[in-house]
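Everything below concerns the one structure shown next.
The sequence lines fix the lettering, A, B, ..., with proteins before strands; numbering per chain opens at 1.
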Protein chains: 2
Amino acid sequence: MKVSPKKEEFLQESLKLIHEKGFKATTMRDIAERLNFDVSNSYNYIKSKQEILESFLFRTSNEFHKTIDNVLDSNYSAEDKLKSLISSHIRIASEKPYEVALLVNEWRNLKEPKLNEFVTLRDTYEKKVSKLLEDGINNKIFKQMDIRIATSVVLASLRWFYDEYTVKKNEKNLNPIEFERQIVGFILSGILL
Amino acid sequence: MKVSPKKEEFLQESLKLIHEKGFKATTMRDIAERLNFDVSNSYNYIKSKQEILESFLFRTSNEFHKTIDNVLDSNYSAEDKLKSLISSHIRIASEKPYEVALLVNEWRNLKEPKLNEFVTLRDTYEKKVSKLLEDGINNKIFKQMDIRIATSVVLASLRWFYDEYTVKKNEKNLNPIEFERQIVGFILSGILL
DNA sequence: TACAAACATAAACAAATGTTCATGTATTTC
DNA sequence: GAAATACATGAACATTTGTTTATGTTTGTA
């Protein structure tokens, strides 16, 4: 599928607007206005408003899945797999913060059957993380923990990071490398000295 | 301010619906339909749709603020303050999961000037947490860490918990006491054995 | 019992929204 | 230079939405 530069511009501007205002609150007229053309012209680029959301969400979801699959397929120890997963997650979130923001905040606006499809993908991703943690526990690398809690907490610890790269630069942005170092420290051994 | 039982029922049902579908996607007619009366009747209970959101959001925000203020005012060590904070957070989220869900997911739908007011409250809350962590670092109880990252990660680790109490009971719900034990373990000393 | 408050309905509204259609102008490609 | 493709406009549409107004019924209470 070829993407003309204008279409790409349309999609990127839509992405940013949807991130700013939320999917429901962003109207087709909002998008068109920002691009200085009439609403109707938008439909030369997309078939429907939903399509914008769907394409971004599934594209980004796929990227995360590919990444975790590669990590799980590797011969690293559970500890190094987890480090590698963290690293990949941070890379994606810093490279494509708006896409990740959409993934986190706007998936609820999908309609069936896409919504179901997405939720299934999300559950699958969680299960992959759970498996990684479970292996680590079985190999006595990680503590004995409730897998469900551990999975949620690890994912929650990473999920907010896109925000550092969408917010205005009134403060210095976090350096992804340093962030990775700190987050690895936190997840592996907590904050206690 | 007295709240009649019918008004309370109206608000609670609105709360659940808004949580299910999102604020924008929930129409006044949706709410009325669920309560088996006409849309117009809703306006005997509230002045506007926005008011529903505002009242829940600021009420819950206040509760969190009161709680953290009490924690900070105590004579506990930084470590015990943090434990106490975690405990309070989990209590609120398990007692009022829908209110907390709204706080986390729907604040973007506030309009100015309420939006600004809310964001300020939220920033203030974060600063309070940062202060707690900073004190702990200065007293050599916590590791040397980037305060901004540590604050975000601690809050993110707690934020998702309401979900355990809003989701259908197809799986056993988490016991808040056990959750607290695990989360304290995680935040204080990570997952590494 | 009478009066006020609470609870309810029906009809209508203005504005906003996603989308389509018919049509026109650039731009690219052969 | 002709033909196809990309880019754009304006008008119109059917729905949906929050909210108001006028009016009626039920319920608690003095």
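Rounded to an integer number of Å, the gap from B/K6 NZ to D/dG28 P is 11 Å. The distance between atom CD of B/E54 and atom P of D/dG18, rounded to the nearest whole Å, is 15 Å. Remark: C1' of D/dT19 and CD1 of B/I31 are 13 Å apart, rounded to the nearest angstrom. Distance OH (B/Y45) to P (C/dA6): 10 Å, rounded to an integer number of Å. Between the P atom of C/dA5 and the CG atom of B/N41 lies a distance of 18 Å, rounded to the nearest Å. Summarising the geometry, the separation between CG on B/N44 and C1' on D/dT25 is reported as 12 Å, rounded to the nearest angstrom.
For A/R181 and A/E178, the salt-bridge test passes: some basic side-chain N is under 4.0 Å from an acidic carboxylate O.
The side chain to side chain donor-acceptor pair (under 3.5 Å) pairs that include a residue from residues 91-101 of chain A are A/E63-A/K96, where partners are two or more places apart or lie in different chains. For residues 71-82 of chain B, the side chain to side chain donor-acceptor pair (under 3.5 Å) pairs, not counting sequence neighbours, are B/E79-B/K83.
Contact check for B/N41 versus B/N44: side-chain heavy atoms found under the 4.5 Å cut-off.
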Where protein sits on nucleotides 13-27 of chain C, one letter per nucleotide: B base, S sugar-phosphate only, - none, heavy atoms under 4.0 Å | ----BBBBB------
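Residues B/D69 and B/Y125 bring no donor and acceptor atom of their side chains to less than 3.5 Å of each other. Checking B/K49 against B/T27 by side-chain atom types alone, no donor-acceptor pair falls below 3.5 Å.
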